[in-house]
Amino acid sequence: MDRNFVANRVETMNESETLAMARKSRELKALGKDIISLSLGEPDFDTPSFIKDAGIRAIQDNHSHYTPVQGYSDLLDAISFKFKRDQGLSYSQKQIVCSNGAKQSIANLCLAVLNPGDEVLVPAPYWVSYREIIRLAGAIPVELNAGHEQNFKVDAHQLEQAIGPKTKMLLFSSPCNPTGAMMTQSELEAWVQVLLKHPSILVVSDEIYELIAFDQPHISIATFQGMYDRTVIVNGMSKGFAMTGWRLGYLAGPVDVIDACLKIQGQLTSAPSSIAQKAAIAGLLAEPALVQFMVDAFKSRRDKMAEAVKSIPGFVLSVPPGAFYLFPDISACLNWSWGGKSVNDAQDFCSLMLEEAGVAMVPGDAFGAPGCIRMSYAADWHILEEAVLRIRKVIEHYHALG
Ligand code: PMP
Ligand code: GLU
């Protein structure tokens, strides 16, 4: 048939591999298969009651109309309050825009500031959607690689080496999805020394896992001298407040950049949901202690899960200080033919584990780290324990055959 309705930009775009793996697990579960999904990065907790109550009140109070494009004024104030309280950063309403999830915030931003051919530095491992969003904007993702021997953190020398005449942006997350790595004060300071030599680079600091930090404080690069005016912070309600389905993210940064994002958003989606906005206010203004129970649970699971995963033959793990992922290097389990089954890369490994162990995980290729896999530990401990048992059993079985 001589037809192709689909645009080239979609033909060359990869499907989100985190969402693809979540879909595959759902499909297998619907067929009655016993699948443990460690694939999707979302808190297993339901949204706390005090936030849900605010959402219900918003419906009853008829907050059912279009809102200002950047979000309700009281939401902008709540975001501003939280920035000041938690990070000592001052943002006026004009410096903030709310969107349908941080994913849309990042997409707005890339469309608003990147020209075709611009280069964006993306320390790898990186969150899966960065690469595709940058490409959608016509720009070029430039990967900087850091393996587990560097605790998955790119150093200042690597950063300096990667900067060229076309570099427009640096985009990274700390705490990091997929590794859980967190930049320290001194590591950020070293980056800043390099960046100060290149004032035309916009820094985008994705801090959506800000609250999920166990062993060291979260530090924003925007707090360093000379960085505030050229940094955009990405954050949102999905992770720390267990509100993934509500779709509420936000950006804070220089007014010219925020205005450009508003223009894009005004044409694409107007504003995020009025109900989600009102619910988010309750979360942002609440005492942090009210959501700490989730962080405490993630920490206890991190500790147990790290021990368990380290004991799987062939898995090498850097214990992550934040987020809710483990990112073991499984190179030692690759390039094997196990009982006639070839496992050449992390994708083969994840397929084998999905089929034979009934455990869904995401191959590191999706995050720019081919020898690794991502395991989300946002699940009850007994589920995680069972997942590790199943993985170990399959590896031991094939090892015996191999
Ligand atoms: N940034 C990172 C690093 C993420 O892991 C995610 C995934 N939730 C997002 C942004 C987007 O989050 P959301 O759209 O749910 O706010
Ligand atoms: N950010 C989460 C993840 O990495 C949710 C899925 C997605 O948005 O890609 O799994």
Side-chain angles (χ1 to χ4, degrees), residues 13-26 37-45 47 71 75 79 97-110 122-134 136 152 170-183 204-213 218 220 232-252 265 269 272-273 276-277 279-280 283-284 298 320 322-327 350 360-369 372-379:
M13 183 188 244
N14 294 306
E15 181 182 5
S16 161
E17 287 163 82
T18 47
L19 299 182
M21 195 47 107
R23 174 174 49 73
K24 271 185 216 156
S25 330
R26 256 184 240 121
S37 180
L38 308 185
S39 59
L40 195 59
E42 69 168 333
D44 52 323
F45 296 101
T47 304
L75 173 58
I79 291 171
V97 51
C98 302
S99 303
N100 296 282
K103 198 181 262 185
Q104 192 201 357
S105 302
I106 298 167
N108 283 345
L109 180 63
C110 287
V122 189
Y126 47 76
W127 180 45
V128 58
S129 293
Y130 292 164
R131 191 185 54 210
E132 300 309 318
I133 294 174
I134 292 165
L136 187 64
F152 298 113
L170 164 67
L171 170 56
F172 71 101
S173 62
S174 176
C176 174
N177 178 3
T179 63
M182 289 176 68
M183 297 294 287
V204 182
S205 175
D206 183 343
E207 305 183 5
I208 196 156
Y209 294 92
E210 171 209 358
L211 298 179
I212 307 171
H218 164 72
S220 174
V232 178
I233 295 182
V234 179
N235 208 330
M237 306 306 293
S238 284
K239 314 295 173 173
F241 298 93
M243 292 178 70
T244 48
W246 297 76
R247 312 306 302 128
L248 203 293
Y250 55 90
L251 295 178
Q265 176 155 301
T269 60
S273 147
Q277 289 189 48
L284 293 161
F298 289 137
F324 39 63
Y325 308 104
L326 299 184
F327 201 63
C350 286
M361 298 169 290
V362 188
D365 311 60
F367 311 97
C372 298
I373 55 171
R374 192 187 76 174
M375 311 168 83
S376 164
Y377 59 82

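Note that ligands are numbered from 1 as they come in the structure, with each ligand's atoms numbered from 1 the same way.
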- Nearest to atom 1 (N) of ligand 1, what protein heavy atom do you find, and at what distance? Asp206 OD2, 2.6 Å

Give the numbers and elements of all ligand 1 atoms closer than 4.0 Å to a heavy atom of [X].
X: Gly101; answer: 14 (O), 16 (O)
X: Arg247; answer: 13 (P), 14 (O), 15 (O)
X: Lys103; answer: 11 (C), 13 (P), 14 (O)
X: Ser238; answer: 13 (P), 15 (O), 16 (O)
X: Tyr209; answer: 3 (C), 4 (C), 5 (O)
X: Ile208; answer: 1 (N), 2 (C), 3 (C), 4 (C), 12 (O), 16 (O)

Need the ligand 2 atom indices (1-based, order shown) with element for anything under 4.0 Å from a heavy-atom of [X].
X: Ser16; answer: 9 (O)
X: Leu19; answer: 6 (C), 7 (C)
X: Thr18; answer: 3 (C), 4 (O), 6 (C), 7 (C), 9 (O), 10 (O)

I'd like to check whether [X] has a polar contact with ligand 1, where a contact means an N/O of the residue lying under 3.5 Å from an N/O of the ligand.
X: Gln104; result: no
X: Ala102; result: yes
X: Tyr325; result: no
X: Asn177; result: yes

Donor-acceptor check, side chain of [X] to backbone of [Y], threshold 3.5 angstrom: yes or no?
X: Gln265; Y: Ser105; value: no
X: Glu132; Y: Asn14; value: yes
X: Gln104; Y: Gly249; value: no
X: Lys239; Y: Gly41; value: yes
X: Ser25; Y: Ser37; value: no
X: Ser39; Y: Met361; value: no

- Note on the structure: Between Asp206 and the options Phe172, Tyr130, Tyr126, the side-chain contact (heavy atoms from CB on, under 4.5 Å) test singles out Tyr130

Any idea which of [options] brings a heavy atom closest to [atom]?
atom: atom 8 (O) of ligand 2; options: Arg374, Lys103, Lys239, Met21; value: Lys103
atom: atom 10 (O) of ligand 2; options: Ser39, Ala22, Ser129, Gly41; value: Gly41
atom: atom 6 (C) of ligand 1; options: Tyr126, Tyr130, Trp127, Tyr250; value: Trp127

- Geometric class of the Phe298/Phe324 ring pair [parallel <30°, tilted 30-60°, perpendicular >60°]: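 Tilted, since the angle between the ring planes falls between 30° and 60°.
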
- Would you call Glu42 a ligand 2 contact, heavy-atom distance under 4.0 Å?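 Flag not set, Glu42 not near ligand 2.
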
- Determine whether any heavy atom of Glu17 lies closer than 4.0 Å to an atom of ligand 2. no

- Message: Rounded to the nearest 0.5 Å, what separates atom CD1 in Ile208 from atom CD1 in Ile106?
- Response: 7.5 Å

- Take Leu284 and Met237 through the test side chain to side chain contact (heavy atoms under 4.5 Å, CB included) and record every step on the way to the result. CA-CA 8 Å; Leu284 293 161; Met237 306 306 293; 3.9 Å; yes

- Message: Using a 3.5 Å cut-off on N or O atoms only, is Asn177 in polar contact with ligand 2?
- Response: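 Indeed, backbone or side chain, Asn177 has an N or O that close.
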
- Query: Does the side chain of Ser99 reach to within under 4.5 Å of the side chain of Thr269, using non-hydrogen atoms?
  - Reply: no

- Task: Examine Tyr325 together with Phe367 and report whether their ring centres are nearer than 6.0 Å.
- Result: no

- Does the pair Met13 and Leu136 meet the rule for a side chain to side chain contact (heavy atoms under 4.5 Å, CB included), with working shown? CA-CA 8 Å; Met13 183 188 244; Leu136 187 64; 4.0 Å; yes

- At under 4.0 Å between heavy atoms, what of Lys239 touches ligand 1? The answer is side chain

